[in-house]
Amino acid sequence: MIKVYQIQLTNAEIDMINDGETSDRIKAYFDRNFEGTFKAENFQYYTHVANVDTRDMEEAFKCMNLWHNDKVQKVTSAVSSMSVGDILEYNGQLYYCSSFGFTLLENYQRD
């Protein structure tokens, strides 16, 4: 099983953005990028949103984007398709969803 973590903005945070305001959590959301970099301090803003019944990250990506409901178990009501910047946990290791594939977050320990 693969756990999926995402940063999901609230309606209030979206209103803040529209009003030109920001917060550390909003900055973390926009810090996710196609270059595949991950700032460890931003993991505090991620939420465990889903479990995918597979051992293959590419299959997890496919399931989260084509919504193979028999394999995806939503943990929260706010879940979006998997995209760059999402974090996957498999066998205690964390991986960053990059623009091409997944990058192991070496030397990163969750608190």
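Numbering starts at 1 and runs along the sequence shown. We use all heavy atoms of the structure for the numbers below, so side chains are in, but hydrogens, waters and symmetry mates are not. Since this is a predicted model, take the numbers as computed values, not measurements.
- Remark: of the listed residues Phe43, Phe30, Tyr29, Tyr29 is the sole one forming a side chain to side chain contact (heavy atoms under 4.5 Å, CB included) with Ile7.
- Linking Ile, Leu, Val, Met, Phe, Trp and Tyr whenever their side-chain heavy atoms come within less than 4.5 Å puts Leu104 and Met57 in one cluster.
- For the pair Thr76 (side chain) and Ala78 (backbone), a donor-acceptor distance under 3.5 Å is present.
- Inspection of the Glu89 and Tyr5 side chains reveals an N or O donor paired with an N or O acceptor under 3.5 Å.
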Check step by step if side chain to side chain contact (heavy atoms under 4.5 Å, CB included) holds for Tyr96 and Ile87. CA-CA 5 Å; Tyr96 183 85; Ile87 304 291; 3.7 Å; yes

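- Looking only at side-chain heavy atoms (C-beta outward), Val4 and His48 stay at 4.5 Å or farther from each other.
- Two residues are said to be in side-chain contact when any heavy atoms from C-beta on lie closer than 4.5 Å; Asn65 and Met82 meet this criterion.
- Ser81 and Asp86 make their closest contact through O-OD2, 3.9 Å (heavy atoms, listed as atom of the first residue, atom of the second, distance).
- Counting heavy atoms from C-beta outward, Gln6 and Met64 have side chains that approach closer than 4.5 Å.
- Within a 6.0 Å sphere centred on CG of Asp19, other residues, nucleotides and ligands contribute more than 12 heavy atoms.
- Considering all non-hydrogen atoms of both residues, Tyr45 and Ala28 come closest at CD1-CB, 3.4 Å.
- When the ring pair (Phe, Tyr, Trp, His ring centres under 6.0 Å) test is applied to Phe102, no partner is found at least two apart in sequence or on another chain.
- A side-chain donor-acceptor contact under 3.5 Å links Ser80 and Gln8.
- Here the closest heavy-atom approach between residue Ala50 and residue Val72 is recorded as CB-CG1, 4.4 Å.
- The only member of Lys71, Glu59, Lys62 that meets side-chain hydrogen bond (donor to acceptor under 3.5 Å, both in side chains) when paired with Thr54 is Glu59.
- Residues Leu88 and Ile2 are in side-chain contact: their nearest non-hydrogen atoms beyond the backbone lie under 4.5 Å apart.
- Thr10 approaches Glu13 most closely through the heavy-atom pair N-OE1, 2.8 Å.
- With a 4.5 Å cut-off on side-chain heavy atoms, Ile26 and Met16 count as touching.
- Within the 4.5 Å cutoff, side-chain heavy atoms of Arg25 are placed close to those of Leu9.
- Looking at Gln93, its side chain never comes within 3.5 Å of a backbone N or O of Tyr90 through a donor-acceptor pair.
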Verify side chain to side chain contact (heavy atoms under 4.5 Å, CB included) between Val75 and Asn51, making sure each step is shown before the conclusion. CA-CA 7 Å; Val75 177; Asn51 297 318; 3.8 Å; yes

